[in-house]
Structure formats: C-alpha cells, structure tokens
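Working notes for the structure below.
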Amino acid sequence: MFKEKFEKIIEGYTFDDVLLLPLKSGVEPRDADVSSMFSRHIKIKVPIVSSPMDTVTESEMAIAMARYGALGVLHRNISINEQLEMVKRVKKEETIIIRDVITVDENTPVNVARTIMMTRNIAGLPVVTAGKLSGILTKRDLEFSDNKGLVKDIMTKDVIYADEDISIDEAKYILYKNRIEKLPLVDKKGRLTGLITAKDIKTRERFPDASRDNDGKLMVGAAVGPFDINRVLALQDAGVDFIVIDTAHAHNMNVVNSIREMRKKINIDIIAGNIATGDAANDLIDAGVDGLRVGIGPGSICTTRIVAGIGVPQLTAISNVADVAEKNDIPVIADGGIRYSGDIVKALAAGASTVMLGSLLAGTDESPGMEMIINGRKYKSYRGMGSIGAIKAGKSDRYGKLENNSFIAEGVEGAVPYRGRVSEILFQLVGGIKTGMGYVGAANIRELHEKSIFIRISENGLRESHPHDIRIISEPPNYQNYQ
Ligand SMILES: NC(=O)C1=CN([C@@H]2O[C@H](COP(=O)(O)OP(=O)(O)OC[C@H]3O[C@@H](n4cnc5c(N)ncnc54)[C@H](O)[C@@H]3O)[C@@H](O)[C@H]2O)C=CC1
Ligand SMILES: O=c1[nH]c(=O)c2[nH+]cn([C@@H]3O[C@H](COP(=O)(O)O)[C@@H](O)[C@H]3O)c2[nH]1
Ligand SMILES: [K+]
C-alpha cells in the first residue's frame with residue numbers, strides 16, 4: 001500500500017521544467033490576437049488579471065488594469081463598506097451612459113439651477129417635467145440670463161435626444177453633427193433613462209481596448225471569503241462585475257456547498273479557487289461557477305507547500321483543471337508563480353485562458369504598497385495574504401486567525417523591485433505573449449491551446465536559457481534576474 005504510492009507516483013511540471021517548441025508559423029507577432037475569455041460571460045482584450053492582495057489591487061490598480069484591456073480583482077482584507085467604496089470609485093471613473101442623471105423641473109428657478117450646475121460641476125441639466133423629458137438647460141442658455149425667472153423661460157425646448165438602445169457610434173455622430181455636448185436617452189414613454197456626453201466619449205477613445213460593462217463603465221471584480229454571503233450581495237448591489245471566491249483550498253466541500261448556495265442568490269459571474277486538480281474543477285463546475293482559479297503554492301510569497309507539504313507544480317495544475325474546464329466551456333485563470341512573459345505563454349499553452357499576477361504588479365505606481373530604497377534601488381512592499389502582517393491587518397474573518405491572535409501563516413512579507421506604471425509592464429508582457437504566439441504560429445489563444453508542444457528541459461537547459469557568461473550592464477525592461 002505505501003510502496004505503491006511511490007511506484008505509481010505522478011510527475012508534475014512547472015515553468016522552468018519546460019519550453020515550447022518553435023513551430024512552422026504564418027503569424028507575425030504583431031498580428032497575434034491575445035483577447036481571451038476571463039469567465040463564462042466576460043471577454044477581455046489582454047489576458048492578464050491583478051491579484052486580490054492588499055499590496056496589489058485597490059481602485060487605482062483596478063482602473064489601470066481595466067483601461068488597458070486587462071482586469072483587476074479588489075482584495076478582501078478590508079470591511080465590506082471599504083470594498084464597496086472601491087467598486088464605486090472604479091465604476092465612476094469613466095462612464096458612457098450616465099444613469100443617475102441630475103435633472104431639474106421646468107418650474108425650478110433659474111438661480112437654483114445655476115447653483116446646482118456650479119456645485120455639481122456639470123455643464124448641462126436635462127429638464128424633466130411630469131416624468132418626461134421636456135428640455136435641456138445648458139451653459140449656453142444661462143450665458144445671457146439675468147438669473148431671474150424659471151427654467152422653462154430659458155431652456156432649449158426642442159431638445160435632441162435618442163432612443164435607449166442607441167450605439168456609441170450613432171451617439172457620437174449625433175453629438176458631432178449637431179455640435180452638442182449632451183445627448184439624453186429616453187424610453188418609449190418619453191422618460192429620461194440616461195445621458196451620453198461628448199466628454200465621456202472622448203475619454204473612451206483614449207482607451208480603445210478597455211474592459212467595459214454594457215454602460216461603458218470600467219469592469220471590476222472583488223474577492224470574498226467563501227462564506228461571506230453578505231459581502232457578496234452588497235457587492236452585486238454596488239455594481240461589481242464578478243466575484244472571486246478567494247480561499248487557499250476551494251475543494252473543501254463546505255466551500256463548494258456554500259458556493260452552490262451563493263449561485264442561487266446572485267446572477268453575476270462567480271470565479272472560484274484556488275484549486276489544482278480535475279476533481280476540484282468538476283465539483284466547482286457542478287456547483288455553478290463561471291471561472292476557475294488555479295494555483296496551490298506557486299506564488300512568489302507563498303509558503304503553503306513548505307508549511308503544509310501540499311501543492312502541484314503550476315503547469316501540471318493548470319493542465320489538470322483545463323482538461324475538465326474545457327469540456328464545460330469554463331475559462332481557467334493561472335494564478336501565481338509568473339516571473340517573466342515567457343511564463344505567461346507557457347501557462348496559456350498549458351490550458352489557461354488568463355493569468356493572475358501578484359509580484360509582477362506589486363512594484364508598479366498603481367499598487368497600494370509602500371515605496372522604499374534598499375541599496376540605492378527602489379522597491380515596493382509586497383506580502384502574502386496569508387502572511388502574519390496581512391492576517392493581522394485583516395478586517396474579514398480568517399480561519400487562521402485565532403482568538404489569542406496566533407495563527408499558522410502561509411505567506412511571507414517583503415519587497416519587490418519598482419517597475420514604473422502598469423501600462424508599461426502590460427506593454428512588455430503583452431509583447432512577450434505575442435512573440436511567443438508568433439513562434440508557435442498561433443493567431444489567437446485558442447490556437448495556442450491547440451498547437452503548442454512542450455519540451456522537457458534539464459537543469460543545464462535552464463541555465464542555457466538565461467543569459468550566461470556575461471556581466472549584464474544594461475538591464476532590458478522585460479528581464480531582471482535577482483537570483
Ligand atoms: N494560492 C495559494 O496557494 C494560497 C493562497 N492563499 C491566499 O491567502 C488568503 C487567505 O486564504 P485562506 O486562508 O483560505 O482564507 P480564509 O482564512 O478566509 O479561509 C477560507 C476558508 O477556506 C477553507 N480553507 C482554507 N485553508 C484550508 C485548508 N488548509 N484545508 C481545508 N480548508 C481550507 C476553509 O473553509 C476556510 O474557512 C487568500 O487571499 C488566499 O488566496 C493562502 C494560502 C495558499
Ligand atoms: O500560499 C500563499 N500564501 C499567501 O499568503 C498568499 N497570498 C497570495 N497568494 C497567492 O499568490 C498569488 C500571487 O503570486 P505571484 O506573486 O507569484 O504572482 C496570489 O494571487 C495568490 O493566489 C498566497 N499564497
Ligand atoms: K512558493
């Protein structure tokens with residue numbers, strides 16, 4: 001019985017164990033399409049997600065990630081209210097269709113309307129009378145007004161408006177053709193349902209790849225503990241696009257059953273993890289999840305494998321889950337252990353649809369961590385969510401947090417090199433992914449899944465892969481080696 005455990009032992013592979021074969025290719029790297037499914041209903045242009053960690057993702061990171069076509073997941077080491085505020089901040093950053101439009105009635109005194117415009121810093125107010133759009137009051141209408149009388153005396157009465165289901169391109173055309181700044185949207189009964197502004201359309205055009213919801217707002221997700229249904233419901237109400245059930249072991253059947261119950265109560269996508277086996281994938285898919293997060297212990301700050309003796313080398317873990325997930329059309333997120341863009345290409349080739357990054361993003365301007373100088377070099381703080389510091393700071397319930405405030409840590413605290421802006425690192429990473437796809441001849445992620453072939457390498461092969469026999473004098477932005 002025990003001897004058998006070793007006779008039938010399986011081998012697991014991770015990033016440094018393998019490379020991808022260069023294959024006959026008809027794909028120029030610049031033409032490779034890296035867009036990918038994040039979860040059952042969410043597709044993004046850049047297959048990268050920021051990790052829900054308190055030194056990685058708060059509103060600023062989530063905004064930057066979504067703007068450049070990726071996604072951010074807000075961490076859960078804060079109160080429900082603090083997390084809701086972060087969701088709202090991301091959602092307010094950019095809008096195409098404003099839903100909570102500030103309006104006036106046509107019998108509002110002009111001076112009151114002017115005060116509203118000044119204090120709320122808006123340049124125009126739709127006028128709604130008896131529930132219907134009856135005009136619009138803009139700065140131009142106010143320009144020569146003596147501030148007396150009522151809105152109806154000076155408002156523009158033949159207001160240009162559009163149907164609710166107008167496309168952004170049509171809206172842009174109407175705004176441009178009529179030289180107007182604001183386009184109210186009305187339903188069949190003439191009721192105001194939203195407002196499109198020229199300013200918001202211009203912002204949108206600066207970020208053509210951005211990950212947006214149906215109203216044009218930036219998408220954002222949030223992490224929750226597996227039993228925190230109050231947090232889940234509040235997040236859905238606040239407009240979060242998806243939730244990530246964030247636990248070290250999502251194949252705990254109490255967790256699986258809790259997710260099954262959550263599924264009945266919310267309609268946004270649920271991503272669950274972390275897992276590393278096909279069986280776990282099966283049970284979570286059966287519970288109704290829309291995405292799977294893979295990785296037990298590969299993270300740069302993780303000590304799980306050392307503390308608990310548990311884990312699966314990451315590429316094998318990804319492939320274990322991906323074989324089951326693919327049959328059910330559920331995308332897989334490869335979470336943890338990624339140090340270079342080449343690791344991302346390998347994770348995708350092993351079956352992931354997106355990757356989740358902690359360490360590589362913790363050093364950017366947009367992460368919440370503290371900056372510091374060590375030996376003349378700039379660093380930012382980074383820590384595991386199962387580290388002593390993170391657990392102590394935590395405002396959500398942790399199984400590891402005991403009454404006497406002692407616990408079993410599964411992570412470490414430290415610092416990572418400063419890496420500039422998120423946009424710069426995403427540019428380098430996406431470039432690396434596209435280069436890899438060119439070598440494989442994969443025009444898109446699906447082809448990368450299908451065509452790629454791994455080769456097992458030796459320690460010598462790995463040594464040969466890194467720069468060797470040279471003292472590096474000028475470091476390129478996409479290669480650093482701190483070994
Ligand atoms: N990806 C990874 O390898 C790991 C990640 N972490 C991160 O640390 C943070 C804290 O995670 P948790 O400690 O899970 O949060 P937590 O303390 O809120 O635990 C959530 C639930 O997960 C289940 N669970 C956790 N560890 C388990 C284990 N060893 N055996 C059986 N069930 C277990 C339990 O039901 C527990 O109540 C999260 O952000 C997580 O992503 C922690 C450890 C490993
Ligand atoms: O064992 C762990 N103990 C921890 O304290 C911990 N904190 C985060 N994580 C996981 O690591 C991922 C980020 O990994 P990287 O820094 O390698 O990108 C994250 O996305 C998590 O999956 C932890 N794992
Ligand atoms: K590790």
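Excluded from the calculations below are hydrogen atoms, water molecules and symmetry mates; all remaining heavy atoms, backbone and side chain alike, are included. Quick note: residue numbers are just sequence positions, from 1. Both counts, for ligands and for their atoms, begin at 1 and track the order of listing. This structure is a prediction, so every number in the text was calculated from the model and none was measured.
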Considering residues, nucleotides and ligands other than R456, do more than 12 of their heavy atoms fall under 6.0 Å from its CZ?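 Yes, CZ of R456 has more than 12 neighbouring heavy atoms, counting only those of other groups under 6.0 Å.
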Got more than 12 heavy atoms from elsewhere within 6.0 Å of CD, E464? no
Could you tell me whether [X] approaches ligand 2 through its side chain, its backbone, both or neither, with non-hydrogen atoms closer than 4.0 Å?
| X | answer |
| --- | --- |
| D335 | side chain |
| R293 | side chain |
| S387 | backbone |
| L360 | neither |

Does the gap between the ring centers of F242 and F38 come in under 6.0 Å?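 Yes, the ring centres sit under 6.0 Å apart.
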Do any heavy atoms of [X] fall under 4.0 Å from ligand 1?
| X | answer |
| --- | --- |
| R76 | yes |
| P226 | yes |
| N254 | no |
| G336 | no |

Ligand 1 contact on E410 by region, counting heavy-atom pairs under 4.0 Å: side chain
Under 4.0 Å, heavy atoms only, figure out whether ligand 1 is touched by the backbone of N274, its side chain, both or neither.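 It is the side chain that touches ligand 1; the backbone stays farther off.
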Short list, please: which atoms of ligand 1 are under 4.0 Å from a heavy atom of F227?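 Once the distances to F227 are compared, the set is 35 (O), 37 (O).
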For G297, counting its heavy atoms only, list the atoms of ligand 1 lying under 4.0 Å from any of them. 2 (C), 3 (O)
Shortest heavy-atom approach to atom 41 (O) of ligand 1 - which of I275, D246, V224: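 Looking at heavy atoms only, D246 sits closest to atom 41 (O) of ligand 1.
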Counting heavy atoms only, which of G295, S51, S258 is nearest atom 2 (C) of ligand 1? G295
Considering only non-hydrogen protein atoms, determine which one is nearest to [atom] and report residue, atom name and distance to 0.1 Å.
| atom | result |
| --- | --- |
| atom 9 (N) of ligand 2 | I301 CD1, 3.7 Å |
| atom 3 (N) of ligand 2 | E410 O, 2.5 Å |
| atom 5 (O) of ligand 2 | G386 N, 2.5 Å |
| atom 23 (C) of ligand 2 | C302 SG, 3.3 Å |
| atom 18 (O) of ligand 2 | G358 N, 2.8 Å |

Any side-chain donor-acceptor pair under 3.5 Å between S36 and T354?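 Side-chain D/A pair, S36 to T354: absent.
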Distance-only donor-acceptor check, side chains D279 and H251, under 3.5 Å: no
Atoms of ligand 2, numbered as shown, that sit under 4.0 Å from any heavy atom of [X]:
| X | result |
| --- | --- |
| N274 | 22 (O) |
| S300 | 14 (O), 15 (P), 16 (O), 17 (O) |
| G336 | 14 (O), 17 (O) |
| S51 | 19 (C), 20 (O) |
| T304 | 1 (O), 2 (C) |
| Y382 | 13 (C), 14 (O), 15 (P), 16 (O) |
| M53 | 7 (N), 8 (C), 19 (C) |
| S359 | 15 (P), 16 (O), 18 (O) |

Presence of salt bridge, [Y] and [X], under 4.0 angstrom:
| X | Y | value |
| --- | --- | --- |
| D269 | R40 | no |
| R263 | D290 | yes |
| K91 | D213 | yes |
| R377 | E475 | yes |
| D54 | R383 | yes |
| E94 | R212 | yes |

Under 3.4 Å from the K ion (ligand 3), protein N/O/S atom count?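 Protein N, O or S neighbours of the K ion (ligand 3) under 3.4 Å, waters not counted, come to 3.
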Tell me, with the steps shown, if R419 and E424 meet salt bridge (Lys or Arg N to Asp or Glu O under 4.0 Å). CA-CA 8 Å; R419 289 180 192 274; E424 288 160 27; over 6 Å; no
Yes or no: does G297 have any heavy atom under 4.0 Å from an atom of ligand 2? no
Are G337 and ligand 2 in contact, using a heavy-atom cut-off of under 4.0 Å?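 True for this residue.
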Geometry only, no angles: is M385 polar-contacting ligand 2 at N/O separations under 3.5 Å?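 Yes: some nitrogen or oxygen of M385 is under 3.5 Å from one in ligand 2.
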Compute the shortest N/O to N/O distance between M356 and ligand 2 and return yes if it is under 3.5 Å, no if not.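 The answer is no, given that M356 and ligand 2 share no N or O pair closer than 3.5 Å.
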Mind telling me whether Y479 and Y340 have parallel, tilted or perpendicular rings, with 30° and 60° as the class edges?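 Rings of Y340 and Y479: parallel, as their planes differ by under 30°.
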